[in-house]
Every structure is written in structure tokens, then in C-alpha cells.
Amino acid sequence: MGLYKFKKINNEKVLIYDNMKIKVLIDEKKLRRRVRELGQEITRDYKDRDPVLVSVLRGSFIFIADICREIKIPVTFDFMAVSSYGNSKVSSGIVRITKDLEFSIENKEVIIIEDIVDSGRTLNYLVKNLQARNPKNIEVCALLDKDVPRKTENKVKYKGFDIPNKFVVGYGLDFEEKYRNFPFIGYIENEQ
Ligand code: IMP
Ligand code: MG
């Protein structure tokens, strides 16, 4: 416990913390650069439109905070929270809304801001659920897209990074509610 510290092991940046060995996959600088690009793309595409950013708590809270400041048009915000049943590292695909939107999205242009698409089932559920509320349209912006075989079509229009099929933490993402505050994306290599 205590402070976290980086170490260089075999020229790789590793964090030893809380009996975990966490390898840096995407560092702060790369995150910042890519988030800026995504914000610029959305700014360009949504010029003269009036989108609402729908962020999915809790995993997306850092991503939305950063990307919204790179979007240089007026946007509004709403938040949802979902939880998927199952153990902590594998999503079950059964999704439950634990906090719904505050506002109607009828006739609105919706951009869902997601942290990560793993099996894609959470996103699938969300899109279907929001679509039923008759928005003008829905697009998806996801920071991470995990390389897993999926049966569902990929709905992500604005994608930050493709990542390998590893369990990642940081920049909003958790393992058992911890590590969300790491400023980078890393993966747990082993539990020591
Ligand atoms: P999906 O339904 O399998 O696509 O899972 C989506 C949700 O599971 C995400 O919104 C995350 O909250 C969580 N999740 C999936 N993969 C990871 C991961 O590698 N680290 C942390 N959370 C994850
Ligand atoms: Mg989670």
C-alpha cells in the first residue's frame, strides 16, 4: 500500500502497487493526444448540430471530462449508470440500469461516451435501450476497443485505441472499484 511508484523492468514501465504488478499500456501523453483528436473529429462532424453527450458511469468519468473540453461546440450532458452482473473481470451480458438519464433524448442527437467495449453486450443493450426513446440519431465514442471475438456488430464510430484482450485499469477503469485514478491505462500482469 502507500504511494505508487514506477519501476523500469526490461525497459518496460511497471507499477508495483497494492501487491499488484501493473504494466503501462497507454501512457498519459498518448491518451491526451488521442482524446484531443477524437474531440476534434466530433467538433468537425457536429458543427451546427446540438448533441447531448451521454456518459456511462462510472468507468467513463475521466474520459468524458477530458474529451468534452476538446469538443469546441456547445454540448449538453447526461449520465447513466449500468451494472452488469457477474464476477469482477468477466461481464455477464446481463445489464441493469442503476441510474437513468435525467432528460428526454427524443429528437436529440446522442453521442454515447463509453470507456471500453469488451464483449459489446453492455453497449448493445444501451443502444437498444436509448433507441427506443426516439432520438434523432445515436453515435458511439469509445476510448478502448478490446480485441475479442464478437458476434455483435461494432457500433463504435469514434474509437480511441484498439487494445489486446487483457483486463485493463486506470483512466476511469477499475478492478474491484480500485485503480480508476491512475492517469494511464495499464493491465494487471500478476497478483503477487
Ligand atoms: P462488455 O459488456 O463486455 O462490453 O463490458 C463492458 C463493461 O465492462 C465496460 O463498460 C467496463 O465497465 C467493464 N469492463 C470490460 N472490460 C474491462 C477491463 O478490461 N477493465 C475494466 N473494466 C472492464
Ligand atoms: Mg466496471
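Start at 1 and go down the list; that is how both ligands and their atoms are numbered.
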Near [X], which atoms of ligand 1 are under 4.0 Å from a heavy atom of that residue?
X: E114; value: 10 (O)
X: D115; value: 9 (C), 10 (O), 11 (C), 12 (O)
X: K146; value: 16 (N), 17 (C), 18 (C), 19 (O)
X: S119; value: 1 (P), 2 (O), 3 (O), 4 (O)
X: L173; value: 21 (C), 22 (N)
X: D174; value: 21 (C)

- Query: Are D115 and R180 ion-paired here, with the side-chain N under 4.0 Å from a carboxylate O?
  - Reply: no
- Query: Does any N/O atom on F167 come nearer than 3.5 Å to any N/O atom on ligand 1?
  - Reply: no
- Which atom pair, heavy atoms only, marks the closest approach of L38 to C141?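 Looking at all heavy atoms of both residues, the shortest contact is CD1-SG, 4.4 Å.
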- Task: Have a look at ligand 1 and work out which part of I116, if any, has a heavy atom under 4.0 Å from it: side chain, backbone, both or neither.
- Result: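 Both parts.
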- Rounded to the nearest 0.5 Å, what's the gap from NZ on K178 to CD1 on I188? Could you check? 9.0 Å
- Item | Minimum non-hydrogen distance to atom 4 (O) of ligand 1, winning option of G120, G170, S60, S83 |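 Selected option, by shortest heavy-atom distance: G120.
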May I ask whether [X] places a heavy atom under 4.0 Å from ligand 1?
X: L123; answer: no
X: V169; answer: no
X: K166; answer: yes

- Message: Would R58 and F61 count as a cation-pi pair here, with the cationic atom under 6.0 angstrom from the ring centre and within 45° of the axis?
- Response: no
- Report the relative orientation of the aromatic rings in F167 and F175; use parallel for angles under 30°, tilted for 30 to 60°, perpendicular for over 60°.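 F167 and F175: perpendicular rings.
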- Task: Please name the residue in the list L25, D145, L31 that meets the side-chain contact (heavy atoms from CB on, under 4.5 Å) test with F161.
- Result: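 When L25, D145, L31 are each tested with F161, the side-chain contact (heavy atoms from CB on, under 4.5 Å) holds only for L31.
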- Task: Just jot down the salt bridge (Lys or Arg N to Asp or Glu O under 4.0 Å) partners of D50, sequence neighbours excluded, or say none.
- Result: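 So D50 forms no salt bridge (Lys or Arg N to Asp or Glu O under 4.0 Å) with any residue.
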- Query: Residues in side chain to side chain contact (heavy atoms under 4.5 Å, CB included) with T76, at least two apart?
  - Reply: V52
